[in-house]
Amino acid sequence: MQTWAPVALPALEGSGPPLRLYDTSTARVRPTAPGDVATMYVCGITPYDATHLGHAATYLAFDLVNRYWRDLGHDVHYVQNVTDIDEPLLERADRDQDDWVVLGMRETALFREDMAALRVVPPRDYIGAVEAIPEIAELVAKLLVDGAAYRIDDPEYPDVYFDSAATGHFGYESRYDEETMLRLSRERGGDPDRPGKRNPVDALLWRMERPGEPAWDSDLGRGRPGWHVECAAIALNRLGTQIDLNGGGSDLIFPHHECGAAHAEALTGDHPFARHYTHTGMIGLDGEKMSKSRGNLVFVSKLRNAGVDPNAIRAALISGHYRQDRPWTDSLLAEAQERLARWRAALALEAAPSADDMIASLRQHLADDLDTPRALAAVDAWAAEAVERRGTDREAPATARAAIDALLGITL
Ligand SMILES: Nc1ncnc2c1ncn2[C@@H]1O[C@H](COS(=O)(=O)NC(=O)[C@@H](N)CS)[C@@H](O)[C@H]1O
Ligand SMILES: [Zn+2]
């Protein structure tokens with residue numbers, strides 16, 4: 001599937017400290033240690049109701065990771081999927097009398113447009129679940145042969161499930177207890193109560209064809225893939241058996257990333273699948289998580305069509321810490337617009353105080369688990385000094401502009 005437009009990143013002098021990020025599986029902020037090429041898999045959208053500000057906040061957080069790793073001199077092999085076949089998409093298409101394929105294509109196109117407008121650095125590989133079905137089916141077949149998967153004893157629909165006991169590590173990523181796992185499995189598309197499963201949390205790997213549902217031929221029989229195995233296959237086949245970062249929102253901690261990691265590890269024997277599992281907090285509206293099911297959505301495209309500067313949307317969303325559940329409010333946007341106006345005034349000056357300390361602070365705070373509140377405050381301080389007390393460094397405005405672009409993705 002086609003990815004979106006590339007983004008030019010200004011090269012900056014020097015570099016900052018190693019990037020440290022919170023890892024869900026160890027519940028600690030730890031240094032990332034990618035090789036020359038950092039490998040990052042961030043789960044993509046299920047293409048309907050795109051792109052709401054919750055989606056945007058999550059992709060902006062991992063965009064800061066991408067930008068910081070590049071500032072450190074790493075290349076980044078960034079892979080992202082599109083869940084363009086799944087229950088929720090079929091249900092939405094039904095509700096709207098839409099063709100599910102057309103709905104998916106339309107929403108994915110809008111998502112790409114919004115990501116480009118927000119200047120999110122695009123993934124090198126942008127892969128749809130449908131186009132990945134052959135490789136997903138191949139992975140499932142291997143898990144069956146290895147005994148890490150099994151067919152449920154249901155003559156009508158002998159679906160294939162993953163045996164969660166296969167790796168001996170199941171649960172290490174989320175660290176949730178059994179009761180929590182069962183509850184979240186129920187809430188997020190699992191079927192823990194289905195009779196015949198070895199373990200209630202065993203994830204569906206391949207769903208045999210049901211009347212009226214889309215299905216594809218495979219060695220497993222006609223059907224379609226489960227949700228978690230889609231990400232395991234797409235990541236493994238492009239990034240290898242151990243990646244630097246598996247990212248997504250906190251609602252993906254379980255079952256999605258737990259099961260995806262277990263599927264990958266059962267296949268390869270390499271543990272852990274990801275050296276960091278990093279999750280973003282939920283953007284809310286009026287006290288509720290912004291979500292499709294609640295329909296309380298604010299869309300990037302609506303704000304853009306109303307003339308809102310995408311830089312202000314980005315600045316508003318990164319003004320809070322990426323791991324905090326936090327609300328979207330109109331005042332957040334207004335404050336971001338005022339902040340960018342102050343920055344623009346400083347960048348327009350002939351000369352300003354040296355930007356070197358500000359850039360060092362920017363790097364230091366971003367390297368500290370993406371502490372964007374402090375990072376933005378460092379730019380505020382430099383801009384305020386520039387406007388109030390001027391400065392003599394004629395290079396400073398251009399140097400500051402390049403750093404704000406490369407590290408924060410804000411182009412003024
Ligand atoms: N309100 C929200 N705040 C922050 N992130 C959110 C919010 N709602 C969804 N997300 C994140 O946006 C990304 C896409 O969500 S999604 O469209 O539901 N799609 C999926 O979760 C799957 N296609 C992942 S393979 C996920 O990482 C999800 O955690
Ligand atoms: Zn995923």
Side-chain angles (χ1 to χ4, degrees), residues 1 24 40-63 65 79-92 103-104 107-108 110-111 114-115 118 120 123 125-130 132 136 173-174 184 187-189 203 225-236 238-239 243 245-264 273-274 277-300 316-318 320-328:
M1 190 174 279
T24 298
M40 172 163 81
Y41 185 84
V42 177
C43 286
I45 57 166
T46 299
Y48 68 92
D49 283 345
T51 310
H52 63 68
L53 293 181
H55 294 144
T58 287
Y59 297 115
L60 286 170
F62 294 104
D63 188 52
V65 171
V79 177
Q80 185 174 126
N81 68 311
V82 186
T83 304
D84 56 356
I85 177 68
D86 198 13
E87 235 59 50
L89 184 70
L90 298 175
E91 284 159 8
R92 171 57 63 91
L103 171 63
E107 293 289 308
T108 305
L110 183 54
F111 175 74
D114 290 334
M115 290 295 108
L118 288 169
V120 170
D125 301 298
Y126 192 51
I127 309 294
V130 172
I136 299 170
E173 180 266 348
S174 65
L184 293 177
E187 282 171 20
R188 297 171 177 170
W227 172 28
H228 317 309
V229 67
E230 135 194 359
C231 287
I234 291 169
L236 280 172
R238 287 159 189 81
L239 295 175
I243 68 175
L245 174 58
N246 188 4
S250 55
D251 57 343
L252 298 186
I253 291 175
F254 190 91
H256 189 52
H257 287 169
E258 189 77 69
C259 295
H263 298 348
F273 165 62
Y277 295 93
T278 300
H279 298 97
T280 54
M282 294 287 110
I283 298 293
L285 192 73
D286 308 333
E288 299 268 352
K289 171 192 166 192
M290 196 178 282
S291 78
K292 306 166 173 174
S293 46
R294 291 195 177 89
N296 59 342
L297 303 172
V298 177
F299 292 96
V300 170
L317 287 171
I318 67 173
H321 191 256
Y322 79 96
R323 281 194 288 126
Q324 293 300 319
D325 291 344
R326 57 199 190 280
W328 173 263

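Note that ligands are numbered from 1 as they come in the structure, with each ligand's atoms numbered from 1 the same way.
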**Asked** Between R238 (side chain) and I234 (backbone), is there a donor-acceptor pair under 3.5 Å?
**Response** yes
**Residue and atom name of the nearest protein heavy atom (relative to atom 4 (C) of ligand 1), distance in Å to one decimal** = G54 O, 3.2 Å
**Prompt:** Are the side chains of L317 and L53 in touch, meaning some heavy atoms are under 4.5 Å apart?
**Reply:** yes
**Identity and separation of the nearest protein heavy atom to atom 3 (N) of ligand 1** = I283 N, 2.9 Å
**Request:** Select one of side chain, backbone, both or neither to describe which atoms of C231 lie under 4.0 Å from any atom of ligand 1, heavy atoms only.
**Result:** side chain
**Message:** For atom 5 (N) of ligand 1, what is the closest protein heavy atom, and at what distance to 0.1 Å?
**Reply:** T58 OG1, 2.8 Å
**Asked** Are any non-hydrogen side-chain atoms of L236 and I243 less than 4.5 angstrom apart?
**Response** no
**Message:** Check contact between E230 and ligand 1, using heavy atoms of the residue and a distance below 4.0 angstrom.
**Reply:** no
**Request:** Would you check whether S291 reaches within less than 4.0 Å of ligand 1, judged by its heavy atoms?
**Result:** no
**Beyond-backbone contact of L285 with V298, side-chain heavy atoms, under 4.5 angstrom** = yes
**Message:** Suppose we measure from atom 28 (C) of ligand 1 to each protein heavy atom; which comes out shortest, and what is that distance?
**Reply:** D251 OD1, 3.6 Å
**Asked** Identify the closest protein heavy atom to atom 8 (N) of ligand 1: which residue and atom is it, and at what distance?
**Response** H52 CE1, 3.4 Å
**Message:** So for ligand 1, is A57 a polar contact partner (N or O within less than 3.5 Å, distance only)?
**Reply:** no
**Item:** Non-hydrogen atom of H279 closer than 4.0 Å to ligand 1
**Value:** no
**Request:** Evaluate the side-chain proximity of D84 to M1: yes if any heavy-atom separation is below 4.5 Å, no if none is.
**Result:** yes
**Complete:** The atoms of ligand 1 lying under 4.0 Å from a heavy atom of M290, numbered in the order shown, are 1 (N), 2 (C), 8 (N)
**Asked** Quick one: nearest non-hydrogen protein atom to atom 14 (C) of ligand 1, plus distance?
**Response** Y59 OH, 3.3 Å
**Request:** Report yes or no: does E258 contribute a side-chain atom to a donor-acceptor pair with the main-chain N or O of S174 at less than 3.5 Å?
**Result:** yes
**Request:** Please round to the nearest 0.5 Å and tell me the distance separating atom CG of D251 and atom CD of E187.
**Result:** 11.0 Å
**Request:** Distance to 0.1 Å, residue and atom name: give those for the protein heavy atom nearest to atom 25 (S) of ligand 1.
**Result:** W227 NE1, 3.2 Å
**Asked** G281: heavy atom below 4.0 Å from ligand 1, yes or no?
**Response** yes
**Asked** Centroid-to-centroid, Y59 to F111, below 6.0 Å?
**Response** yes
**Request:** Report yes or no: does C43 have an N/O/S atom closer than 2.8 Å to the Zn ion (ligand 2)?
**Result:** yes
**Message:** With nothing but distance in play, are any N or O atoms of L252 less than 3.5 Å from an N or O of ligand 1?
**Reply:** no
**Message:** Using 2.8 Å as the threshold, say whether any N, O or S atom from C231 sits that close to the Zn ion (ligand 2).
**Reply:** yes
**Message:** To check your reading of the model: name the closest protein heavy atom to atom 18 (O) of ligand 1, its residue, and the distance in Å.
**Reply:** K292 NZ, 3.5 Å
**Message:** Between ligand 1 and M282, is the shortest N or O to N or O distance under 3.5 Å?
**Reply:** no
**Message:** Are any of the N/O atoms on C43, whether in the backbone or the side chain, positioned under 3.5 angstrom from an N/O atom of ligand 1?
**Reply:** no
**Asked** Does the N or O separation between T83 and ligand 1 drop below 3.5 Å for any pair?
**Response** yes
**Message:** Checking the N or O distance criterion of under 3.5 Å, is ligand 1 in contact with N81?
**Reply:** no
**Request:** State, to 0.1 Å, how close A129 and T83 come at their nearest heavy-atom pair, and which atoms those are.
**Result:** CB-CA, 4.4 Å
**Message:** What's the separation between atom CD in E173 and atom CD1 in I253, rounded to the nearest 0.5 Å?
**Reply:** 6.5 Å
**Request:** For E107 and D49, indicate whether the former's side chain and the latter's backbone hold a donor-acceptor pair under 3.5 Å.
**Result:** yes
**Request:** Evaluate the ring planes of H263 and H228, with Trp represented by its six-membered ring, and classify them as parallel (under 30°), tilted (30 to 60°) or perpendicular (over 60°).
**Result:** tilted
